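Before any comments, here is the structure.
Note that ligands are numbered from 1 as they come in the structure, with each ligand's atoms numbered from 1 the same way. When reading the values below, keep in mind they use all heavy atoms of this one structure, side chains included, and skip hydrogens, waters and symmetry mates. Being a predicted model, the structure only gives us computed values, none of them experimental.
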Amino acid sequence: MIVDLHNHTPLCNHAEGELFEYIEEAIKAGTKIFGFSDHAPMDFDPKYRMDFEQMHKYEEDVKEAKKKYTDKIDILLGYEVDYLPGHMDRRVLDAEVDYLIGSVHFIEGWGFDNPEFIGKYEEQDIDEIWQKYFDTIEDMANSKLFDIVGHLDLIKVFKFMPKGDINAMAKKALVAIKNADMVLELNVAGYRKPVAEAYPSQTLLSQAFDLGIPITFASDAHKPEQVSLFNNEIIALAKSVGYAECAFFRNRTREFISF
Ligand SMILES: [Zn+2]
Ligand SMILES: [Zn+2]
């Protein structure tokens with residue numbers, strides 16, 4: 001991936017490998033701009049993220065890597081932040097980083113992408129779950145706290161698909177994303193999950209293109225060997241709906257590069 005802005009580190013307690021191992025993989029893959037965006041600390045579900053006390057170490061480690069690799073690859077610093085009203089913390093939102101990814105991993109406190117809680121899909125109408133999910137994405141965009149939308153249609157992770165039209169369900173969320181001037185990430189983690197396709201789907205991506213929403217690319221790597229996996233598939237997906245450039249951020253300011 002020419003630009004790859006969503007990658008984790010062991011500080012989140014569910015990723016493995018050293019920073020330099022991720023970076024070496026990215027260099028091997030020909031990546032020009034590689035960003036770390038580990039799960040930001042939060043007072044909810046703390047076991048899947050770093051602590052507030054670890055923010056400094058994380059930021060310093062990434063900045064040090066940036067210096068060390070400066071003539072080989074451009075390293076950026078970000079966080080993946082959970083959109084969860086009442087639990088978002090100024091220390092994260094005001095952190096001096098290149099960008100913040102806003103992600104929805106919880107619907108009313110339910111960690112819907114965690115296999116531990118998969119049983120909850122049977123307790124509610126699947127279309128209602130999907131609509132609630134996209135309504136939360138819409139709220140996240142309207143909060144205007146973030147630069148990038150993480151894995152737009154993560155709710156499909158276990159392949160529990162709705163009966164209704166997904167593009168119609170996501171319409172208001174996409175319009176809010178456009179109005180918030182956010183960037184959509186094309187995230188390959190879905191290829192590694194039961195749904196076995198990228199986030200977002202081609203049909204949602206096409207809708208985003210028609211609205212003029214920019215994109216970026218994301219390995220969402222939790223291991224060094226996941227860096228740039230499915231690169232060909234994701235580039236082909238982007239081109240298939242008409243995209244020819246992707247975005248990245250430096251000090252929260254957007255720039256573009258052709259691919
Ligand atoms: Zn993770
Ligand atoms: Zn995520």
Side-chain angles (χ1 to χ4, degrees), residues 1 4-19 21-22 25 34-42 44-51 54-55 58 62 76-84 87-89 92-93 97 99-107 109-118 130 133-134 136-137 139-141 143 145-158 170 173 177 182-201 204 215-230 234 249:
M1 285 170 213
D4 184 357
L5 298 187
H6 185 156
N7 295 286
H8 295 277
T9 82
L11 286 175
C12 67
N13 306 314
H14 64 277
E16 54 193 65
E18 302 292 331
L19 264 65
E21 295 178 284
Y22 286 78
E25 288 293 333
F34 185 81
F36 287 99
S37 51
D38 208 2
H39 296 281
M42 178 167 71
F44 187 87
D45 201 32
K47 76 175 174 180
Y48 292 101
R49 57 201 69 253
M50 70 181 79
D51 299 328
Q54 290 174 308
M55 286 177 71
Y58 167 68
V62 173
L76 297 177
L77 170 64
Y79 282 103
E80 181 182 15
V81 184
D82 280 81
Y83 177 73
L84 196 59
H87 297 280
M88 288 172 287
D89 194 286
V92 170
L93 299 174
V97 292
Y99 57 92
L100 294 177
I101 299 174
S103 291
V104 174
H105 297 114
F106 299 95
I107 301 171
W110 167 39
F112 64 83
D113 71 328
N114 187 335
E116 261 182 72
F117 311 118
I118 198 167
W130 275 65
Y133 170 78
F134 282 121
T136 312
I137 292 276
D139 293 345
M140 190 258 289
S143 77
L145 293 169
F146 310 107
D147 307 296
I148 299 170
V149 182
H151 36 61
L152 174 70
D153 54 357
L154 178 64
I155 189 66
K156 72 184 176 188
V157 56
F158 297 119
I177 288 165
M182 290 177 84
V183 168
L184 204 61
E185 66 169 20
L186 268 64
N187 182 317
V188 297
Y191 289 113
R192 313 192 299 256
K193 297 290 162 61
V195 69
E197 63 173 46
Y199 309 116
S201 65
L204 282 177
I215 56 161
T216 190
F217 295 107
S219 286
D220 203 348
H222 287 72
K223 296 175 186 172
E225 58 266 36
Q226 291 172 343
V227 170
S228 256
L229 257 189
F230 302 104
I234 207 76
F249 294 82

For this session: Start with the C-alpha distance between His6 and Ile101, add both sets of side-chain angles, then the distance that settles side-chain contact (heavy atoms from CB on, under 4.5 Å), and finish with yes or no.
Result: CA-CA 8 Å; His6 185 156; Ile101 299 174; 3.8 Å; yes

Problem set entry | Presence of N, O or S from Cys12 under 2.8 Å of the Zn ion (ligand 1) | no

Problem set entry | Lys/Arg N to Asp/Glu carboxylate O, Arg49 vs Asp82, below 4.0 Å | yes

Problem set entry | Neighbouring protein N, O or S atoms of the Zn ion (ligand 2) [cut-off: under 2.8 Å, no waters] | Glu80 OE2, His105 NE2, His151 NE2

Exercise. If only atom types and distance count, is the side chain of Ser219 paired as donor or acceptor with the main-chain N or O of Ser228 below 3.5 Å?
Worked result: yes

Exercise. Are Tyr79 and Phe36 close enough that their ring centres sit under 6.0 Å apart?
Worked result: no

Problem set entry | Near-ring test Phe146/Tyr99, centroid separation under 6.0 angstrom | no

Exercise. Taking side chain as C-beta onward, heavy atoms only, is Ile148 less than 4.5 Å from Leu5?
Worked result: yes

For this session: May I have the angle between His222 NE2 and His14 NE2 with its vertex at the Zn ion (ligand 1), rounded to 10°?
Result: 100°

For this session: Taking the six-membered ring for Trp and the single ring otherwise, decide whether the centroids of Phe112 and Phe117 are under 6.0 Å apart.
Result: no

